Protein chains: 2
Amino acid sequence: MNVDTGVGMGMTIGDAAKASGVNAKLIRYYESIGLIPEAGRTASGYRVYGPSEVNVLRFVKRARTLGFGIERIQRLVGLWQDRSRCSSEVKRVALEHIDELEAKIAELAAMRDTLRELADACHGDERPECPILRDLAG
Amino acid sequence: MNVDTGVGMGMTIGDAAKASGVNAKLIRYYESIGLIPEAGRTASGYRVYGPSEVNVLRFVKRARTLGFGIERIQRLVGLWQDRSRCSSEVKRVALEHIDELEAKIAELAAMRDTLRELADACHGDERPECPILRDLAG
DNA sequence: ATGGAGCTTCCAGCCATTGGAAGGTCAAGG
DNA sequence: CCTTGACCTTCCAATGGCTGGAAGCTCCAT
């Protein structure tokens with residue numbers, strides 16, 4: 001492969017996957033939903049990636065690791081590539097996400113706390129009597 | 001409606017929904033995936049529910065509220081209706097779920113902590129410089 | 001020339017739900 | 001008796017963020 005795009009060596013989707021940590025299937029998916037722009041193609045139809053596309057993929061990967069949803073990542077990529085951005089906009093996106101994380105954490109922690117209490121009260125032996133089931137049965 | 005099933009009044013799916021807190025659509029779905037047994041039917045094909053079916057629905061609802069997945073709820077319902085169960089089995093199911101909740105909470109909390117640090121370091125003003133984007137860009 | 005690795009597209013499934021369309025049924029009011 | 005409208009039925013599609021597989025094409029080394 002190694003198609004010369006004029007600004008450096010082009011890599012296949014597999015190479016871009018290795019370089020970015022985003023697997024090939026997912027790269028195609030991201031392209032299909034418009035999260036990343038359509039990749040260039042060789043004459044035979046293979047997608048071609050350069051260093052800057054790989055950087056975008058790495059950015060997306062890191063953002064996903066932090067739990068951002070696709071839509072927000074789209075906004076973040078847009079801001080990242082906008083030299084006249086305000087950091088306040090970026091911060092707002094981050095704070096929104098933090099709020100959602102907090103809400104989810106609180107929800108899960110409430111479940112855990114309730115269950116912990118019920119499990120602590122359960123003898124966990126061969127007898128049928130069980131506070132967990134008593135609670136679930138209302 | 002009010003079909004006499006011989007053990008009390010039968011209710012429609014809408015009444016069962018109101019009585020259990022599980023909406024009609026979801027009741028049908030639960031039946032379709034085998035979480036709950038197939039409901040009886042009137043001559044004209046309407047599903048019929050009695051008090052014990054409503055109790056199962058309430059049990060399922062409560063278990064979902066505690067975050068249990070469908071498969072585990074199936075096990076819990078089975079144990080609930082098994083008079084020769086061991087409470088240790090119920091407890092094991094609960095503890096498995098607690099472990100998963102803990103893992104998820106830890107994952108989300110790690111995201112939140114990282115983001116909080118980045119957001120705290122971000123000026124959030126009209127300038128483009130932003131630690132959040134710097135982090136994401138690697 | 002052949003083999004196999006890698007590329008292409010498309011389709012389907014995961015989880016637990018929700019929404020909608022198209023059509024049948026029931027009870028109340030005129 | 002007939003209409004209205006609330007309810008019921010089934011089926012199909014979408015959500016988010018992937019993952020897997022099938023069928024077919026291309027590239028490169030042997």
Side-chain angles (χ1 to χ4, degrees), chain A residues 1-4 9-36 38-49 53 57 60-77 97 100-101 104 107-108 111, chain B residues 1-3 9-36 38-49 53 57 60-74 76-77 97 100-101 104 107-108 111:
Chain A
M1 182 76 16
N2 282 339
V3 170
D4 188 347
M9 286 310 177
M11 21 166 78
T12 64
I13 197 169
D15 294 333
K18 271 169 217 143
S20 67
V22 181
N23 72 55
K25 210 110 191 182
L26 207 39
I27 296 176
R28 287 189 205 103
Y29 169 69
Y30 287 157
E31 183 186 302
S32 80
I33 61 171
L35 174 57
I36 56 176
E38 288 193 18
R41 300 281 183 143
T42 65
S44 58
Y46 280 26
R47 287 176 180 80
V48 181
Y49 297 85
E53 282 80 21
L57 286 169
V60 170
K61 167 105 186 175
R62 173 79 177 133
R64 283 294 302 136
T65 301
L66 290 177
F68 284 102
I70 299 293
E71 204 173 335
R72 255 179 211 139
I73 295 177
Q74 229 150 359
R75 285 203 269 153
L76 289 171
V77 172
H97 183 43
E100 290 184 9
L101 287 170
K104 193 72 190 169
E107 189 190 340
L108 298 180
M111 292 174 180
Chain B
M1 182 71 23
N2 282 339
V3 171
M9 288 309 179
M11 23 166 78
T12 63
I13 197 169
D15 294 334
K18 271 169 217 144
S20 67
V22 181
N23 71 55
K25 209 109 194 187
L26 208 36
I27 296 177
R28 288 189 203 101
Y29 169 71
Y30 286 158
E31 183 185 303
S32 79
I33 61 170
L35 174 57
I36 57 176
E38 288 192 19
R41 300 280 183 144
T42 65
S44 58
Y46 281 25
R47 285 176 181 81
V48 182
Y49 297 86
E53 281 80 23
L57 287 170
V60 170
K61 166 107 187 171
R62 173 82 177 128
R64 283 295 299 136
T65 300
L66 290 176
F68 284 102
I70 298 292
E71 204 173 337
R72 253 178 213 140
I73 294 177
Q74 228 151 0
L76 289 172
V77 172
H97 183 42
E100 290 184 7
L101 287 170
K104 192 74 191 167
E107 189 190 339
L108 298 181
M111 293 173 180

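Order of the sequence lines sets the chain letters (A, B, ...), proteins ahead of strands, with each chain counted from 1. Because the structure is predicted, anything quoted here is derived from the model rather than measured.
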TODO: Name every residue in residues 25-36 of chain B that has at least one heavy atom under 4.0 Å from any atom of DNA chain D, in order of residue number, or write none if there are no such residues.
DONE: B:Arg28

Open item on the list: Between B:Ser44 and C:dT25, is there a contact of a side-chain N or O with OP1 or OP2 at under 4.0 Å?
Closed with: no

Please set out all donor-acceptor pairs under 3.5 angstrom arising from side-chain atoms of residues 26-34 of chain B, sequence neighbours excluded.
residue: B:Glu31; atom: OE1; partner: B:Ala39; partner atom: N; Å: 3.3
residue: B:Glu31; atom: OE1; partner: B:Arg47; partner atom: NE; Å: 3.0
residue: B:Ser32; atom: OG; partner: B:Tyr29; partner atom: O; Å: 2.7

Task: Pairing residues for B:Arg72 by the salt bridge (Lys or Arg N to Asp or Glu O under 4.0 Å) criterion, not counting sequence neighbours - done: B:Glu96, B:Glu100

- [ ] Quickly work out the A:Leu57 CG to D:dG17 C1' distance and round it to whole Å.
- [x] 16 Å

- [ ] Check B:Ala24 against B:Ile13 and note the closest heavy-atom contact, atom names and distance.
- [x] O-CD1, 3.5 Å

TODO: Could you state the atom-to-atom distance from CE of B:Met11 to C1' of D:dC8 in whole Å?
DONE: 16 Å

- [ ] Would you mind reporting whether A:Val77 and A:Gln74 have side-chain heavy atoms less than 4.5 Å apart?
- [x] no

Task: Contacting residues from residues 68-75 of chain A, given that a heavy atom lies under 4.0 angstrom of DNA chain C - done: none

TODO: Would you please name every residue forming a salt bridge (Lys or Arg N to Asp or Glu O under 4.0 Å) with B:Lys25, sequence neighbours left out?
DONE: none

- [ ] Please determine if a side-chain N or O atom of B:Thr12 lies less than 4.0 Å away from the OP1 or OP2 oxygen of D:dC8.
- [x] yes

Open item on the list: So, OP1 or OP2 of D:dG16: does either fall under 4.0 Å of a side-chain N or O from A:Arg64?
Closed with: no

Task: Partners passing salt bridge (Lys or Arg N to Asp or Glu O under 4.0 Å) against A:Arg64 (at least two apart in sequence or in another chain) - done: none

Task: Straight-line distance of A:Leu101 CG to A:Leu66 CG, nearest 0.5 Å - done: 9.0 Å

Task: Integer-rounded Å distance: C:dA16 C1' and B:Leu66 CG - done: 16 Å

Task: Rounded (10°) bend between the five-pair end axes of the helix from C:dA1-D:dT30 to C:dG30-D:dC1 - done: 30°

Open item on the list: Judged by each residue's nearest nucleotide on DNA chain D, which is more toward the 5′ side, A:Ala43 or A:Asn23?
Closed with: A:Asn23

Open item on the list: Please report the distance, rounded to the nearest Å, between OH in B:Tyr46 and P in C:dG23.
Closed with: 16 Å

Task: Worked check of side-chain contact (heavy atoms from CB on, under 4.5 Å) between B:Thr12 and B:Val48 - done: CA-CA 5 Å; B:Thr12 63; B:Val48 182; over 6 Å; no

Task: Closest non-hydrogen atom pair between B:Asp15 and B:Met11, with its separation - done: CB-CB, 3.5 Å

Task: Closest to the A:Ile13 side chain, choosing from C:dC7, D:dC7, D:dC27 - done: C:dC7

Task: Whole-Å gap separating P (C:dG6) and OH (A:Tyr49) - done: 16 Å

- [ ] Using the test ring pair (Phe, Tyr, Trp, His ring centres under 6.0 Å), find all partners of A:Phe68 that sit at least two apart in sequence or belong to another chain.
- [x] A:His97

Open item on the list: On the nucleotide D:dC8, are OP1 or OP2 found under 4.0 Å from the side-chain N or O atoms that B:Arg47 carries?
Closed with: no

Task: Length of the line joining A:Asp15:CG and C:dC7:P, which is rounded to integer Å - done: 7 Å

Open item on the list: Within the 4.5 Å heavy-atom criterion, are B:Val22 and B:Val60 side-chain neighbours or not?
Closed with: no

